[in-house]
Amino acid sequence: MDTLQQELPPTNSTSASKLVLLQENFTGADDQGPTLFAYYTGLNTSLIASIVISSDNILEQCSRSKPVSVAVQNINTFLSQAGVPKKSLLTTDEFVLAGLTFVITLVMYYILMGKGHSKKRRRLAADLKIAQEKVHFLEEKLMLIEDEQDARGRKGGDIRIFMDGAFDMMHYGHMNAFRLARSLGTHLVVGVNSDRSITECKGPPLMNDEERLTMVRGCKFVDEVVPDCPYIMSEEYLDWVIKTYKIDYVIHGDDPCIVDGKDVYESAKKAGKFQSIPRTEGVSTTDIVGRMLLMNKDHHYDSSTGKPTGKDQDGNSLLCRQSKFLTTSRLLRLFSAGMKCPKKGDKIIYIDGAWDMFHCGHVAFLEEAKKRGDYLIVGIHSDTVVNRERGCNLPLMNLHERVLSVLGCRYVDDVLIDAPEVITPQMIQSLGIHEVISGTRGDGFFYCKGKDDRYRFVKKAGMFIELPSPTHFTLSNIIDRIQANQAAFQAKIAKKKKAEAEYYEEKYNGKAVEE
């Protein structure tokens, strides 16, 4: 008894009486030995008594504190005014016990249930992400099904569409034309004019047969390709195409295609097989060639300012300072239609670059890159990054134009817009990348950041692969070809620009858009 009292702090009479009672309960009255509680639990009953008494002291101190007294007084005043009997009013002890019970309940709830709820929230977040991906996939699938159903509804079955052209320096405007043409049917057959027939009708093309065929075959909207198609189709050739490929309609843009005063599609119209589609406004080969001609600094840069003038020696406008093409979210969705998320276990390949003036060298390389895995993600650098690294007036096409061009390639599964120059571990983990690829041949322009810098994390992780470029074709080849025949291309541009101006003037009731 003396020992226990020495261990405990001084208390008031109430605490002392409680101490005596606790001692009798825990140690046994009249020194009769340890109680059953102490015997079976093996706990220090003196320590437990100290804890209980200390807790009781804390509760008493809280009950006598001024804030608690003021709070209880205010509560009781309100209850009295509400008609609550005096004997039912709140005491300070009840207030403190209620508060303590509330706090203990919250703490116990967090300990027992909080972690479980966190796991549920994480699991629900993961399920929500999967559901959103499924919804996105189903929306795209529904959009494609609706297009096919609309086409079948017009003719109760498969509708095979034929479209032909030179597709010289093929760009996203051509790809959009393919998309529109295929939306009118279920199978798109594209005829590519031969070098010989193009040369006879309007001069030699910039790209040869194989280069143009590679571009058309690489477009995901094209189902079948017919090589060596004549620039002007005769009735005999049209009949052969219709019978051989079971064509329902021949498609061309709504702008007239006149050569030597003759409508190129006259025979198709006579056969009742012709339908037109709206041309992709704001982009043309003429405009792109004009941008390339500005690469010649001697003729197209103002010596006093060092800036491009945008005009040739005769004062003709060659380049629009800002692209006239209007990129909408709907068009991006239409070009992205059919793209799926990678499946579990798929080997994801990543490759990045400028992809400026998307050409046959790009298509051939992406085809080889896709063979190394199941899912190919293509990163596209921003205009600022490309211009900083390549200089001059590059990129020739802005970011939106380059994104559409890459999205139109059949070997691409997804596109990373405004891709970072340096591939970081966080980016690799986020995209689930298994292998990063770079080619042995670029577009002929020096990048300040070397591969050792850009790919340092990838190389350290052993994920970097340098894939031999399957072709020597680069953007420099296109620019060199144009500049080598600058006078001829300038004359062709002037003629083409006049025809385009007349087309837009007629379409918009004489309200031609100023350049």
Side-chain angles (χ1 to χ4, degrees), residues 144 147-148 150-280 285 360 363 408-410:
L144 293 175
D147 288 341
E148 292 186 1
D150 289 343
R152 288 191 177 96
R154 289 188 289 270
K155 197 174 175 177
D158 290 340
I159 297 180
R160 297 174 66 85
I161 304 296
F162 178 77
M163 186 177 187
D164 78 308
F167 308 116
D168 197 18
M169 284 180 56
M170 185 171 142
H171 50 72
Y172 62 93
H174 295 127
M175 292 180 177
N176 192 45
F178 293 153
R179 183 191 65 80
L180 289 171
R182 197 180 188 284
S183 69
L184 298 176
T186 57
H187 190 89
L188 178 61
V189 180
V190 177
V192 180
N193 303 148
S194 65
D195 288 347
R196 180 180 54 81
S197 66
I198 297 172
T199 302
E200 291 175 353
C201 294
K202 63 175 196 176
L206 186 71
M207 320 290 282
N208 62 40
D209 280 338
E210 190 57 37
E211 291 165 349
R212 291 182 290 112
L213 285 169
T214 298
M215 288 299 296
V216 177
R217 290 192 182 109
C219 181
K220 68 180 182 180
F221 303 114
V222 177
D223 298 298
E224 197 171 351
V225 176
V226 181
D228 298 323
C229 181
Y231 191 81
I232 300 179
M233 293 185 295
S234 64
E235 292 186 18
E236 293 77 16
Y237 183 81
L238 178 62
D239 290 339
W240 176 81
V241 168
I242 291 173
K243 291 177 182 178
T244 304
Y245 296 96
K246 300 179 181 179
I247 301 301
D248 294 293
Y249 293 105
V250 177
I251 304 296
H252 188 262
D254 56 3
D255 54 318
C257 189
I258 308 298
V259 176
D260 296 330
K262 183 178 180 181
D263 188 350
V264 174
Y265 296 96
E266 182 179 356
S267 58
K269 293 176 180 178
K270 287 181 179 179
K273 295 284 186 178
F274 181 83
Q275 283 198 18
S276 65
I277 56 174
R279 66 176 292 171
T280 304
T285 303
C360 58
V363 174
C409 181
R410 69 170 65 252

**Prompt:** Does M175 reach the side chain of M170, with side-chain heavy atoms less than 4.5 Å apart?
**Reply:** yes
**Message:** Under 4.0 Å between a side-chain nitrogen and a carboxylate oxygen: does that hold for D223 and R160?
**Reply:** no
**Request:** Nearest 0.5 Å please: distance from the OH atom of Y249 over to the CD1 atom of I159.
**Result:** 6.5 Å
**Request:** Quick one: list whatever passes side-chain hydrogen bond (donor to acceptor under 3.5 Å, both in side chains) with D209, sequence neighbours left out.
**Result:** R212
**Where V225 and R217 come nearest, the two heavy atoms and their spacing** = CG2-CG, 3.7 Å
**Message:** Please report the interatomic distance NZ(K270) to CD(E266), rounded to the nearest 0.5 Å.
**Reply:** 4.0 Å
**Message:** For the CG atom of L238 and the NZ atom of K269, what is their distance to the nearest 0.5 Å?
**Reply:** 12.5 Å
**Message:** Ignoring hydrogens, what is the shortest heavy-atom contact between I251 and A181? Give both atom names and the distance.
**Reply:** CG2-CB, 4.1 Å
**Asked** Which pair of heavy atoms, one from F178 and one from V222, lies closest together, and at what distance?
**Response** CD1-CG2, 3.6 Å
**Asked** Distance from L213 atom CG to F167 atom CZ, nearest 0.5 Å?
**Response** 10.5 Å
**Prompt:** Quick one: CZ on R196 to SG on C201, what's the gap to the nearest 0.5 Å?
**Reply:** 9.5 Å
**Prompt:** I277 versus L184: any side-chain heavy-atom pair under 4.5 Å?
**Reply:** yes
**Asked** Which value, rounded to the nearest 0.5 Å, describes the distance between T186 atom OG1 and D158 atom CG?
**Response** 4.0 Å
**Prompt:** Does the side chain of I198 reach to within under 4.5 Å of the side chain of D168, using non-hydrogen atoms?
**Reply:** no
**Prompt:** Are Y231 and K202 close enough that some pair of their side-chain heavy atoms sits under 4.5 Å apart?
**Reply:** yes
**Message:** Give me the atom names and distance for the closest heavy-atom approach of V190 to F162.
**Reply:** C-CE1, 4.5 Å
**Beyond-backbone contact of C219 with H174, side-chain heavy atoms, under 4.5 angstrom** = no
**Prompt:** Which heavy-atom pair separates P230 from N193 by the least distance, and what is that distance?
**Reply:** O-ND2, 3.3 Å
**Request:** Could you tell me which non-hydrogen atom of K273 sits nearest to which non-hydrogen atom of D248, and how far apart they are?
**Result:** CD-O, 3.1 Å
**Request:** Over 60° means perpendicular and under 30° means parallel, so classify the ring planes of W240 and Y237, tilted if in between.
**Result:** tilted
**Message:** Within the structure provided, determine whether M215 and V363 are in side-chain contact (heavy-atom separation under 4.5 Å).
**Reply:** yes
**Item:** Side-chain heavy atoms of C229 within contact of V192, under 4.5 Å
**Value:** no
**Message:** Suppose the criterion is ring-ring contact (aromatic ring centres under 6.0 Å, His included): which pairs have a residue in residues 197-220, not counting sequence neighbours?
**Reply:** none
**Message:** Do M233 and V250 have side chains that approach each other closer than 4.5 Å (heavy atoms only, starting at C-beta)?
**Reply:** yes
